[in-house]
Amino acid sequence: MKLQDVFFLDDLENGLNAKYAKSLHFNDAKFKSQLNESLKNYSAEYFKLKTNNKFLTINFVGYEEDHESVNIYLESEKIDNPKKSRGSGQFSL
């Protein structure tokens, strides 16, 4: 299952900086690898997906920046015939 969410760039940047005590900046190529690592860690910690009463493994795929927003891309392990899915996440930092 592929998942995508969109966040305001400044809110996400401020939240990541506060959570990880760093000074990261979107729209600056020198921070790309640090942002990838921070978003990967944050996704693993806070985003959960459950289907058929089983928590799935969620993988951070990457992100894309726009002028004022950030698209976050995630995907779960493959699921055969899901009957019921439920997700939770806390990307509001």
Side-chain angles (χ1 to χ4, degrees):
M1 181 180 299
K2 295 181 190 291
L3 309 160
Q4 176 184 348
D5 214 337
V6 180
F7 303 91
F8 288 113
L9 186 143
D10 56 342
D11 291 341
L12 187 56
E13 185 175 274
N14 291 337
L16 290 173
N17 286 333
K19 169 123 178 101
Y20 296 112
K22 295 184 177 186
S23 183
L24 304 172
H25 302 284
F26 288 100
N27 294 320
D28 188 334
K30 71 181 181 181
F31 293 102
K32 182 82 172 170
S33 65
Q34 292 176 16
L35 284 165
N36 265 316
E37 188 66 25
S38 295
L39 289 167
K40 178 181 177 183
N41 292 339
Y42 197 86
S43 298
E45 185 175 353
Y46 290 105
F47 190 83
K48 306 294 180 206
L49 183 63
K50 188 175 185 180
T51 189
N52 300 339
N53 292 319
K54 176 188 169 218
F55 282 102
L56 303 175
T57 302
I58 302 294
N59 297 309
F60 173 75
V61 175
Y63 73 94
E64 287 181 316
E65 303 169 17
D66 197 350
H67 295 288
E68 295 181 6
S69 64
V70 178
N71 297 310
I72 305 290
Y73 302 102
L74 307 166
E75 66 182 12
S76 73
E77 62 187 273
K78 186 177 180 194
I79 311 157
D80 293 322
N81 302 318
K83 293 183 177 32
K84 181 178 181 182
S85 294
R86 180 181 183 132
S88 67
Q90 229 180 357
F91 265 112
S92 55
L93 303 164

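For the atom pair CD of Glu64 and CD of Gln4, the computed distance is 8.0 Å after rounding to the nearest 0.5 Å. Note that the CG atom of Leu12 and the CG atom of Leu39 stand 5.5 Å from one another [nearest 0.5 Å]. Within the model, atoms CG of Leu49 and CG of Leu56 stand 5.0 Å from one another, a figure rounded to the nearest 0.5 Å. Going from atom CD of Glu45 over to atom NZ of Lys19 covers 4.0 Å, rounded to the nearest 0.5 Å. Remark: Ser69 OG to Asp11 CG distance equals 11.5 Å, nearest 0.5 Å.
By the rule that hydrophobic residues join a cluster once side-chain heavy atoms approach within less than 4.5 Å of another member, Tyr20 and Phe7 end up as members of one cluster.
Judged as a salt bridge (charged side-chain N to carboxylate O under 4.0 Å, His left out), and not counting sequence neighbours, the contacts of Glu75 are Lys2. A search for side-chain contact (heavy atoms from CB on, under 4.5 Å) contacts involving Gln34 returns Leu24, Phe31, not counting sequence neighbours. By the ring-ring contact (aromatic ring centres under 6.0 Å, His included) test, Phe26 is found to be paired with Tyr63, residues two or more places apart in sequence or in another chain being considered. Glu68 is linked by a side-chain contact (heavy atoms from CB on, under 4.5 Å) to nothing, counting only residues two or more places apart in sequence or in another chain. Judged as a salt bridge (charged side-chain N to carboxylate O under 4.0 Å, His left out), and not counting sequence neighbours, Lys30 has no contacts. Looking at residues two or more places apart in sequence or on another chain, you find a side-chain hydrogen bond (donor to acceptor under 3.5 Å, both in side chains) between Ser23 and His25. Under the side-chain contact (heavy atoms from CB on, under 4.5 Å) criterion, Thr57 pairs with Asn59, Glu77, not counting sequence neighbours.
Side-chain contact between Leu3 and Phe47 is present, with heavy atoms from C-beta onward closer than 4.5 Å. For the pair Asn27/Leu9, a side-chain contact is recorded, criterion being any heavy-atom separation below 4.5 Å from C-beta on. Annotation: side chain of Tyr42 is not in contact with side chain of Phe60 (no heavy-atom distance under 4.5 Å). Between Asn36 and Lys40 the shortest side-chain heavy-atom distance does not fall below 4.5 Å.
In this structure, Tyr73 belongs to a hydrophobic cluster whose other members, linked by side-chain heavy atoms under 4.5 Å apart, are Val61.
At distances below 3.5 Å, not a single donor-acceptor pair connects side-chain atoms of Lys22 with backbone N or O atoms of Ala18.
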